[in-house]
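Right, one structure below, let's go through it.
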Amino acid sequence: MKKFLSKMPVMIVFLSLAVVGLVFYIVMLARPVSYGMTYTWTHVVTEEETSTFGVEAGTEISYSLKILNDRKMEQSIIQENDGEPIEIWIIRNGNKFIMIPEGVSSEEEYDAMVEALKADKKEWDALWAGKGEGMPVFNVNAFNINVNIEGVEMEFACKGAIVFASVFGVVEVALITFGALSLVFFLKNRKGSSTQSADTPVAE
């Protein structure tokens with residue numbers, strides 16, 4: 001193994017993979033949204049929440065959100081049977097987004113509505129402060145989505161992103177370790193070769 005790691009091509013490959021992998025890992029962890037991945041929240045409805053969710057107390061419900069892009073998201077509501085996902089228009093602003101009430105049916109209508117909201121700075125700021133009527137603000141990052149709807153705190157976890165971070169983290173540590181070992185062995189091998197050459201007597 002030591003002989004293998006001390007070779008220059010091996011060292012270059014491991015160090016390159018470690019650097020590229022680290023950059024990719026940081027970007028994936030720092031991204032504001034895990035696009036195309038499912039965020040899920042499972043909850044057993046309490047007596048006080050029956051009016052909010054419209055089901056009997058003790059019923060287990062599961063909400064799944066999948067953000068497709070900065071304009072659209074899929075929402076699935078699962079109770080006793082699998083719920084069919086429905087597409088919902090959204091507006092994303094940094095690490096926040098809101099769902100658009102019914103009424104928008106095309107890209108043109110969506111663009112016009114967003115333009116109208118942005119034109120009134122006071123209304124736009126109020127929207128992201130959570131003062132938009134029936135438009136709760138969702139806080140999102142790569143691993144979870146948090147929102148308070150009618151007093152109920154909901155935290156959606158993106159298990160796919162969590163698994164990726166755990167698995168790729170182990171892989172990246174291995175790449176960095178092998179890259180560092182390879183560099184050390186290569187330098188030692190090179191130093192040893194230089195010393196040996198210097199000690200070899202020159203034939204007269």
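Counting begins at 1 with the first residue of the sequence.
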Using side-chain heavy atoms (C-beta onward) and a distance below 4.5 Å, is [X] in contact with [Y]?
| X | Y | value |
| --- | --- | --- |
| Ile91 | Ile100 | yes |
| Arg71 | Asp111 | yes |
| Phe156 | Leu65 | yes |
| Gln75 | Glu87 | no |
| Ile98 | Phe138 | no |
| Trp89 | Met99 | no |
| Glu155 | Ile145 | no |
| Ile88 | Lys72 | no |

Heavy-atom closest contact ([X] atom, [Y] atom, distance):
| X | Y | value |
| --- | --- | --- |
| Ser182 | Val10 | OG-C, 3.9 Å |
| Ala57 | Glu47 | CB-OE1, 3.7 Å |
| Gly151 | Asn148 | N-OD1, 3.0 Å |
| Leu29 | Ala142 | O-CB, 4.1 Å |
| Ala161 | Ser34 | CB-OG, 3.7 Å |
| Pro136 | Val147 | CB-CG2, 3.9 Å |

Euclidean distance, [Y] [atom2] relative to [X] [atom1], rounded to 0.5 Å:
| X | Y | atom1 | atom2 | answer |
| --- | --- | --- | --- | --- |
| Lys96 | Asn146 | NZ | CG | 12.0 Å |
| Asn69 | Tyr35 | CG | OH | 7.5 Å |
| Asp125 | Lys118 | CG | NZ | 12.0 Å |
| Thr177 | Glu172 | OG1 | CD | 9.5 Å |
| Phe14 | Phe186 | CZ | CZ | 15.0 Å |
| Tyr63 | Ile149 | OH | CD1 | 7.5 Å |

Establish whether [X] and [Y] are linked, either directly or via other cluster members, by ILVMFWY side-chain heavy-atom contacts under 4.5 Å.
| X | Y | result |
| --- | --- | --- |
| Val55 | Trp41 | yes |
| Val45 | Met154 | yes |
| Phe143 | Tyr25 | yes |

Kindly check if the number of other-residue, nucleotide or ligand heavy atoms within 6.0 Å of CZ (Phe178) is above 12? no

Decide if atom CD of Glu107 counts as having more than 12 heavy atoms of other residues, nucleotides or ligands within a radius under 6.0 Å. yes

Applying the side-chain contact (heavy atoms from CB on, under 4.5 Å) criterion to Phe97, which one of Ile90, Val33, Asp70 satisfies it? Ile90

Working note: Leu117 + Glu123, criterion side chain to side chain contact (heavy atoms under 4.5 Å, CB included); need CA distance, chi angles, decisive distance, verdict. CA-CA 7 Å; Leu117 288 171; Glu123 183 179 354; 3.3 Å; yes

Would you call the rings of Trp128 and Trp124 parallel, tilted or perpendicular if under 30° counts as parallel and over 60° as perpendicular? perpendicular

Could you go through Asn95 and Asn141, starting from their C-alpha distance and side-chain angles, then the distance that decides it, and tell me whether this counts as side chain to side chain contact (heavy atoms under 4.5 Å, CB included)? CA-CA 6 Å; Asn95 66 336; Asn141 60 43; 6.0 Å; no

Between Cys158 and Thr38, is the side chain to side chain contact (heavy atoms under 4.5 Å, CB included) condition met? List the steps. CA-CA 6 Å; Cys158 184; Thr38 302; over 6 Å; no

